[in-house]
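What follows is a short report on a single structure.
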Amino acid sequence: MSVTLQKIVSLAKRRGFVFQSSEIYGGLRSAYDFGPMGVELKRNLMDEWWRSMVHSREDIVGLDASIFMHPKVWQSSGHLSSFSDPLVDCLVCGERFRADKAPRLAPGADAPIELADKGRAKAMLEKLQGHGESQLERRGKILHGAKAGERGYVCPTCGAPLLSEERQFNLMFRTFMGPVDPIGKVIETVRAAIEGGAGEAAIRERAEAALDESTLYLRPETAQAMFVQFSNVVQAMSPKIPFGIAQIGKSFRNEVTVEHFVFRSVEFEQMEMEYFVPPGEGPKYLEYWKNERLGWWQSVGLKAQNLRFRRHDQGELAHYSDGCFDVDYHFPWGWDELEGIASRTDYDLKAHAAGSGKKLDYFDPQATDPATGKAGWRYVPHVVEPAAGATRGTLALLVDAYHEEAAGQTGKGERTVLRLHPRLAPIKAAVLPLVKKDGMPEKAREIVEALLEAGVNANFDQQHSIGKRYARHDEVGTPFCLTVDGQTRDDDTVTIRYRDDRRQQRIPTGEAVAVVQEALRC
Ligand code: GAP
């Protein structure tokens, strides 16, 4: 049975994985909150990443940088000038959209415009004809006669080719630090500029300049901190090249198009690592990291057939990159990016060295300087960066794990189950007293306490019938349910039920912790 995004969104809300931000106030379109199950799943994913990147390797260290950075960081990195999307307004329905993502027609092709209903189509026809679009005619709620322009693209909502000019829209969120009144400053500056007879462009420039002193940006990627702190890390840790600096943290982008639930949101969590290598070794390590990363996504449970690489074309490469692969995942709407693995050359370290006036290089006493042929080589390292999304990764885990099983011949057994990797599951073991009497709840609590003490996230659950409890835990992906029943008092055993095949087995109560721990090790 195919998984639709709607089913994932519904399960996510019903079972406490993801909620719309500020829902009781109507929600914020592009922001989400991870609920009690979602926060566990996302943290487990991030812990796995940290374990594989930092704790299980000697060549990578961690960093936890602040979200606010000096505004010059974004100037040097190129984000202020180039981190933008081409934005266009539809002159018919008012939709604002990204030109590079809009549907395209052949230039000059018919472009029917679809309005919500006949009344609106009639009113719009009159308005457009009044603006010189006399070739248009109406059939029902559709206006015919418009042609796609040279740019080819049309409005994704109504199909109109009647569009504004493209504007570059910077994706960084801007805010202000300190006890300033930015609005007051702008009013003052604009008033003076108007009195001085300045034109619109000059007024805007002066207003921007008035805000500059206090402007800060919410970081759009975690990566820049690793470049800016490069020297401090080298001095503090004396790492031997090649080495990496890893970070997990929030990033923010004022995305023009927010789409597919948490896939593209304005606030999201990234897991990024900058791997510093000698000049000329970028391609070798790009190949190495691309394979490592694909393997890692499989190790956290994503199926191999739902993952693939996509090489970026030359024209698609970011301003800092000379080679890039995406790890794509097969989401319900098709293949889309889960992680980018880029060769960033020496662009960032050189840009920050130029911007700050501080040297950002590395001295290798054992290497031979190719220019002089002598021992000892000082150079600006090149960088290979695996940059993954934890928010997007959590969505991929939910999609991959989601299964609906039809009822058996008896009509029983229909269920929805999340087949999450046991290490990623929010709850590892649920302990269920069959009934709320005969000492069963007390025994179940003892087992929960033993599991918690052993570091296993366990859950005591005595609400509703045993069948409903199994169903609930199947839906949140709990791999093991331990049931305390009448026999427990007689022979000190419990039933362990395995989520994936619903197999049940009796085990001694004293072995419950070890059995669960062993299963989690795989
Ligand atoms: N430092 C490089 C960098 O940030 P990116 O491809 O723009 O590269 C890396 O982002 C990853 O961050 C993406 O593969 C994706 O998983 C995640 N990501 C980027 N924008 C996102 C958004 N608006 N919402 C959710 N995740 C996003």
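Ligands are counted one by one from 1 in listed order, and the atoms in each one are counted from 1 as well. These numbers were taken from a predicted model, which means no experiment stands behind them. Worth knowing before you read on, the calculation uses all heavy atoms, side chains too, and leaves out hydrogens, waters and symmetry mates.
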For residues [X] and [Y], is any side-chain donor paired with an opposing acceptor at under 3.5 Å?
X: Tyr329; Y: Asp400; result: yes
X: Gln229; Y: Asn232; result: yes
X: Glu269; Y: Thr391; result: no

Looking only at protein heavy atoms, which one is nearest to [atom], and how far off is it?
atom: atom 25 (C) of ligand 1; result: Phe263 O, 3.0 Å
atom: atom 10 (O) of ligand 1; result: Gln270 NE2, 3.3 Å
atom: atom 11 (C) of ligand 1; result: Ala387 O, 3.6 Å
atom: atom 14 (O) of ligand 1; result: Glu337 OE2, 2.5 Å
atom: atom 17 (C) of ligand 1; result: Gly389 CA, 3.8 Å
atom: atom 18 (N) of ligand 1; result: Phe268 CE1, 3.5 Å

Problem - N/O separation below 3.5 Å, Thr391 to ligand 1 - result: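 There is no such contact.
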Exercise for the section: Would you check the N or O atoms of Pro220, main chain and side chain alike, for any that come under 3.5 Å of an N or O of ligand 1? Expected result: no
Would you mind telling me if ligand 1 is within reach of the side chain of [X], the backbone, both or neither, using heavy atoms under 4.0 Å?
X: Glu339; answer: backbone
X: Leu338; answer: backbone
X: Ala223; answer: side chain

Exercise for the section: Mind telling me whether Tyr153 and Phe97 have parallel, tilted or perpendicular rings, with 30° and 60° as the class edges? Expected result: perpendicular
Exercise for the section: Could you label the plane-to-plane angle of the Phe276 and Phe230 rings as parallel, tilted or perpendicular, counting under 30° as parallel and over 60° as perpendicular? Expected result: tilted
Practice task
Using the ring of Phe263 (Phe, Tyr or Trp, six-membered ring only), decide whether Arg392 places NZ or CZ under 6.0 Å from its centre and within 45 degrees of its axis.
Solution key: yes
Exercise for the section: Identify whether NZ of Lys or CZ of Arg in Lys290 sits under 6.0 Å from the centre of the six-membered ring of Phe309 and within 45° of that ring's axis. Expected result: yes
Problem - Shortest reach to atom 4 (O) of ligand 1 by a heavy atom, considering only Arg253, Glu267, Arg344 - result: Arg253
Under a 4.0 angstrom heavy-atom cut-off, which atoms of ligand 1 come close to [X]?
X: Glu272; answer: 1 (N), 2 (C), 3 (C), 4 (O)
X: Glu221; answer: 1 (N), 2 (C), 3 (C), 4 (O)
X: Gly340; answer: 14 (O)
X: Glu385; answer: 1 (N), 2 (C)

Completion exercise
Between the CE atom in Met69 and the CZ atom in Arg219, the distance rounded to the nearest 0.5 Å is 8.0 Å
Handout entry: Test log, rule salt bridge (charged side-chain N to carboxylate O under 4.0 Å, His left out), inputs Arg344 and Glu221
Key = CA-CA 14 Å; Arg344 293 184 75 125; Glu221 61 171 20; 3.5 Å; yes
